[in-house]
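See below for the structure under consideration.
Proteins come first, then strands; the chains are lettered A, B, ... in the order of their sequence lines, and each starts at number 1. Scope of the values below: all heavy atoms of this structure, side chains included, with no hydrogens, waters or symmetry mates.
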Number of protein chains: 2
Amino acid sequence: MTNDTLSMERMQRTGLSCVRRLPAYLQLLRALRAEGREFVSGTVLARVHYLEPVIVRKDLAITGVMGKPRLGFPVNELILAIEKFLGWDRAARAVLVGAGNLGAALLGYQGFEDFGLRIVGAFDADPRKIGREMKGHRVLPLQRLPGFVARGKVELGILTVPAPAAQAAAAVLVRARIRGIWNFTSVRLQVPPEVVVQKEDLAEGLAVLSHRLRQPGAQGGDSVPPRQV
Amino acid sequence: MTNDTLSMERMQRTGLSCVRRLPAYLQLLRALRAEGREFVSGTVLARVHYLEPVIVRKDLAITGVMGKPRLGFPVNELILAIEKFLGWDRAARAVLVGAGNLGAALLGYQGFEDFGLRIVGAFDADPRKIGREMKGHRVLPLQRLPGFVARGKVELGILTVPAPAAQAAAAVLVRARIRGIWNFTSVRLQVPPEVVVQKEDLAEGLAVLSHRLRQPGAQGGDSVPPRQV
DNA sequence: CTGGGCTCGATACTTCAATATCGATACTGA
DNA sequence: TCAGTATCGATATTGAAGTATCGAGCCCAG
Ligand SMILES: NC(=O)c1ccc[n+]([C@@H]2O[C@H](COP(=O)([O-])OP(=O)(O)OC[C@H]3O[C@@H](n4cnc5c(N)ncnc54)[C@H](O)[C@@H]3O)[C@@H](O)[C@H]2O)c1
Ligand SMILES: NC(=O)c1ccc[n+]([C@@H]2O[C@H](COP(=O)([O-])OP(=O)(O)OC[C@H]3O[C@@H](n4cnc5c(N)ncnc54)[C@H](O)[C@@H]3O)[C@@H](O)[C@H]2O)c1
């Protein structure tokens, strides 16, 4: 059985929780590679992220990379495998729709290249914003989006318009044959089944934070720390 | 058994997945209240959010509000119960640390009052930003944070500084006796157990999106997959 | 060259969320 | 008035994620 077949088989039964943790591993692995480390144990990765070592090993198993006893996992190989697994080996091209508060922040964020994303265009409906330069991008009118997407092989749309405009803007993206939408509005978008929508809802995190503040027995930290020492 | 006792008992065994869904219900319930609706069935709530009716009923059960057969749940009572459950009946006061790209977006966001949050101050370390007005807030030097927090009964800190500055900035917040930190950096903060940290990681969502784009059998629409504690 | 100890992968167990099913209730409409 | 039905709450079942444990491999120290 080839490595690829193995990888594909495991991909089927991949839990989402695991996928969510991969970027954190990737970040640390890249830092280790920059230091020249060749191997790292799952135990070390776990300690940094307050996880159980066994979770890390199980997560890394889906990449198909084998660790060596006493040594750990090969850092560089693991980086490449995770990047390939997530499709981050080549950055996906994305357009941003809604060059407002949040849109400007995302346009100005330098870290997306590390996460397999490159914003190549910004669009807005407000005539006062169109034509202006924003964080190194010229804001274009929404009417030019379909041509831009088709010509530029754009795969993703980032949606940062006000809630009432969200569904209509999503429809424009869908008609432009975008493959996925990163949705920062609070609207549940209706899209055809071939379009993937990932909703990013700040209210969710805020609800968890508020709730934990009210919980008397809540523990601090980003997650449950394993056991001390 | 009083409603309060019931509510407190159920609060103990509340799952996080449920808490994450509450803001979505709340949003729709408020819209219904604005229309004058007095009752709404769990089935309707479920349809809007693409959930199973059973899930909605179980989620709403933790508020202690009882629904009536054939009628549904009392809208206004439910809103008040959810707000109280999350502690959103009075907005928590928060300071923002790091008035950069993302910080400016959050400062300019008008929707936080609906989520029980009020940003009352903005802080930065960059002398060029200090003193400037930003989205209606004067940016203050970090040294003034402790006094500001103590005097203003500030409970929350919003962390939007670059990653290398994150731990130090968190330490300032902790020393100022903040109760919770909303962490937008990619750093796992080390804080004492009485401080609650909620980490908001865009890379997680992006990883899920990328992965689903590569999954041939993935279906569209946004789902809210459960996350680890 | 040989035993100790760290680490890996595999398997079994536990916990919790999602789903299915059921009887009970109260409004609708004939 | 009373059958019909949408809806509720409760319980049981399924499934996924996290946890515990074990044997095996391999490096290193002595
Ligand atoms: N700002 C934040 O911190 C924040 C946080 C969480 C969620 N959000 C969500 O992000 C979205 C945008 O928030 P914001 O604060 O940036 O609002 P904003 O008003 O600052 O920006 C919205 C932008 O969208 C443009 N726009 C309006 N209608 C459009 C259309 N039909 N097509 C294209 N562009 C259009 C507007 O001209 C404006 O530039 C909202 O849905 C909000 O709920 C924002
Ligand atoms: N911009 C985005 O869209 C985005 C998205 C996801 C995550 N983030 C994260 O948010 C954080 C900020 O991102 P950004 O794009 O706003 O960066 P930024 O550089 O625009 O803003 C950072 C701000 O923090 C200030 N600062 C630096 N050191 C400080 C200190 N010790 N104390 C107080 N303030 C200090 C800087 O002066 C600057 O104003 C980063 O950790 C980034 O990873 C940003």
- Does a side-chain N-to-carboxylate-O contact under 4.0 Å join B:Lys199 and B:Glu204? no

- Item | Rounded distance (Å) that lies between atom C1' of C:dC8 and atom CG of A:Leu60 | 11 Å

- Item | Side-chain N,O (B:Ser17) to OP1/OP2 (C:dA17) below 4.0 Å | no

- What residue pairs, at least two apart or across chains, pass salt bridge (charged side-chain N to carboxylate O under 4.0 Å, His left out) with a residue in residues 49-61 of chain B? B:Arg21-B:Asp59

- Task: Fit a plane to each ring of A:Trp88 and A:Phe115, take the angle between them on a 0 to 90° scale, and name the class: parallel (under 30°), tilted (30 to 60°) or perpendicular (over 60°).
- Result: tilted

- Message: Could you walk me through whether B:Leu173 and B:Val195 satisfy the side chain to side chain contact (heavy atoms under 4.5 Å, CB included) test, starting with their C-alpha distance in whole Å, then the side-chain angles of each, then the deciding distance to 0.1 Å, before giving a yes or no?
- Response: CA-CA 10 Å; B:Leu173 286 167; B:Val195 177; over 6 Å; no

- Task: Select from A:Asp59 and A:Leu71 the residue whose nearest nucleotide in DNA chain D is closer to the 5' end of that strand.
- Result: A:Asp59

- Task: Take atom CD1 of B:Ile55 and atom C1' of D:dG15, then tell me their distance rounded to the nearest Å.
- Result: 13 Å

- Task: Inspect the contact between A:Arg90 and A:Glu155 and indicate whether a charged nitrogen and a carboxylate oxygen are less than 4.0 angstrom apart.
- Result: yes

- Message: Whole angstroms only, please: what is the CZ-C1' distance between A:Phe73 and C:dT7?
- Response: 9 Å

- Query: Separation of B:Ile62 atom CD1 from C:dC16 atom C1', in whole Å?
  - Reply: 15 Å

- Separation of D:dA17 atom P from A:Leu51 atom CG, nearest Å, is 15 Å

- Under 4.0 Å protein heavy-atom contact, by nucleotide of nucleotides 20-25 of chain C - B base, S sugar-phosphate only: BB---B

- Message: I need the CD-P distance between B:Glu38 and C:dC27, as an integer number of Å.
- Response: 13 Å

- Measure the distance from CG on B:Leu16 to C1' on D:dG18 and round it to the nearest whole Å. 14 Å

- Note on the structure: Rounded to whole Å, CE of B:Met66 lies from P of D:dT7 at a distance of 19 Å

- Note on the structure: dist A:Leu206:CG -> B:Leu156:CG (nearest 0.5 Å) comes out at 7.5 Å

